[in-house]
Amino acid sequence: MSRWSELTEEKSGEDYAARFAALARSGKEVHGEARFCAALVPAGARVLDAGCGTGRVMIRLAELGYDCVGVDLDASMLTVAQQQAPELPWFQVDLARFEPNLLGIAADFDLVVAAGNVFPLLATGTEATVVKRLAAALRPGGLMVAGFGLDEAHLPVPPSITLPEYDDCCAAAGLTFVDRFATWDAAPYDGGGYAVSVHRR
C-alpha cells in the first residue's frame, strides 16, 4: 500500500479539489507547476502527468495546448479529474506497475511531470521502480520533472526519500541531471526542504 493510501484511505478527491478551488478564489496562484512545464517543452508536446490526482496540472496544460495523459492510483482523485475534464485520458494505475503499452499509450512522452509529493507518498521501496518506469515512457531527450518535500514541514508524512537517493534512482534509470529549483516558480535551490528536479533521458 502506498503512503498516500495509508494517509487518505483514497477518499480525499473532493476535499483536495475543494482546497485548491478555495485557493484560486482567494487570488492565489495555483498553476505554477503547469507554467513551469510549459517553459520546458513547446505547446503540442506530449506530457504524462504521473500521479495526476484531481487533474489540476494536466487540465491547465491541456488548456495551453499540450497533449496530456494522466495516471493515478487514487480512484477518488480520478473521479474528480474525469468530472472536470471528461474529454481527457485518465487512467487508474499504480506507478510501480505502469506500462504504457498495456494502456494503449505510446511511450514517447516529451515530458513526465510528478508534482504533489508523488515520490515521498509512494509505497516504501518502490521509488527506483517508479523512476525506471516513468523514464522508460520518455522519448530520447525527454524530460522528467519531480517536485517534492524533503522535510516534515513540506510533507504530510515523515520524509522517505532524499535528493541524493532520488538522483541515484534517476541515474540508474538512464536519466541525466539537468537542474534543480526550490519552487515551481524556478527559484534557485538553496538546500531547503522542497525541491523541483529536472532530469533528461
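Closest of all the heavy-atom pairs between Ala75 and Gln92 is CB-NE2, 3.7 Å. Residues Ala38 and Leu64 approach most closely at CB-CD1, 4.4 Å, considering heavy atoms. Leu121 and Gly116 make their closest contact through CD1-O, 4.1 Å (heavy atoms, listed as atom of the first residue, atom of the second, distance). The two residues Ala50 and Val112 make their nearest non-hydrogen contact at CB-CG1, 4.2 Å. Residues Pro156 and Asn117 approach most closely at CD-ND2, 4.2 Å, considering heavy atoms. Summarising the geometry of Leu95 relative to Leu134, their closest heavy-atom pair is CD2-CD2, 4.3 Å, with the distance given to 0.1 Å.
The existence of a salt bridge linking Arg60 and Glu33 is excluded, since no basic side-chain nitrogen approaches an acidic carboxylate oxygen closer than 4.0 Å.
The ring-ring contact (aromatic ring centres under 6.0 Å, His included) pairs that include a residue from residues 37-72 number zero, where partners must be two or more places apart or lie in different chains. For residues 77-97, no residue pair satisfies the ring-ring contact (aromatic ring centres under 6.0 Å, His included) rule, not counting sequence neighbours. For residues 125-138, the set of pairs meeting the side chain to side chain donor-acceptor pair (under 3.5 Å) definition, not counting sequence neighbours, is empty. Pairs engaging residues 79-95 under the salt bridge (Lys or Arg N to Asp or Glu O under 4.0 Å) rule: Asp94-Arg97 [sequence neighbours left out].
Residues passing the salt bridge (Lys or Arg N to Asp or Glu O under 4.0 Å) test with Asp168, sequence neighbours excluded: none. Take Asp67 and apply the salt bridge (Lys or Arg N to Asp or Glu O under 4.0 Å) test, not counting sequence neighbours, and it matches Arg46. Residues forming a side-chain contact (heavy atoms from CB on, under 4.5 Å) with Thr176 (at least two apart in sequence, or on another chain): none. Listed by chain and residue number, His199 satisfy the ring pair (Phe, Tyr, Trp, His ring centres under 6.0 Å) test with Phe177 (two or more places apart in sequence, or in another chain). The ring pair (Phe, Tyr, Trp, His ring centres under 6.0 Å) search around Phe36 returns Phe181, Trp184, not counting sequence neighbours. Every residue two or more places apart in sequence or in another chain that forms a salt bridge (Lys or Arg N to Asp or Glu O under 4.0 Å) with Asp167 is listed here: Arg180. Shown here are the salt bridge (Lys or Arg N to Asp or Glu O under 4.0 Å) partners of Glu152, two or more places apart in sequence or in another chain: there are none.
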Taking distance alone, no hydrogens or angles, what donor-acceptor pairs closer than 3.5 Å link side-chain atoms of residues 139-151 to residues at least two apart or in another chain?
unit_1: Arg139; atom_1: NE; unit_2: Asp110; atom_2: OD1; d: 2.5
unit_1: Asp151; atom_1: OD1; unit_2: Ala153; atom_2: N; d: 3.2
unit_1: Asp151; atom_1: OD1; unit_2: His154; atom_2: N; d: 3.1
unit_1: Asp151; atom_1: OD1; unit_2: His154; atom_2: ND1; d: 2.7

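Looking at Asp108, Leu48, Leu175 one by one, the single match for side-chain contact (heavy atoms from CB on, under 4.5 Å) with Leu138 turns out to be Leu175.
Side-chain atoms of Tyr189 and Leu163, non-hydrogen and from C-beta on, do get closer than 4.5 Å to each other. Residues Leu111 and Cys37 form a side-chain contact, since some pair of their non-hydrogen atoms from C-beta on lies under 4.5 Å apart. Side-chain contact check for Phe119 versus Val130: some heavy-atom pair is nearer than 4.5 Å.
Cluster annotation: Met58 is not connected to Val93 through the hydrophobic network of ILVMFWY side chains, with a link wherever side-chain heavy atoms come within less than 4.5 Å. With hydrophobic clusters built from ILVMFWY side chains whose heavy atoms lie under 4.5 angstrom apart, Leu155 does not share a cluster with Val196.
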Checklist entry - Under the side-chain hydrogen bond (donor to acceptor under 3.5 Å, both in side chains) criterion, do Asp74 and Ser76 qualify, and how do the steps go? => result CA-CA 6 Å; Asp74 189 331; Ser76 75; 2.7 Å; yes

Checklist entry - Can Val71 and Cys52 be said to form a side chain to side chain contact (heavy atoms under 4.5 Å, CB included), step by step? => result CA-CA 6 Å; Val71 294; Cys52 62; 5.6 Å; no

Next on the checklist: The test is side chain to side chain contact (heavy atoms under 4.5 Å, CB included); show your working for Asp49 and Val69 and say whether it passes.
Outcome noted: CA-CA 6 Å; Asp49 190 347; Val69 173; over 6 Å; no

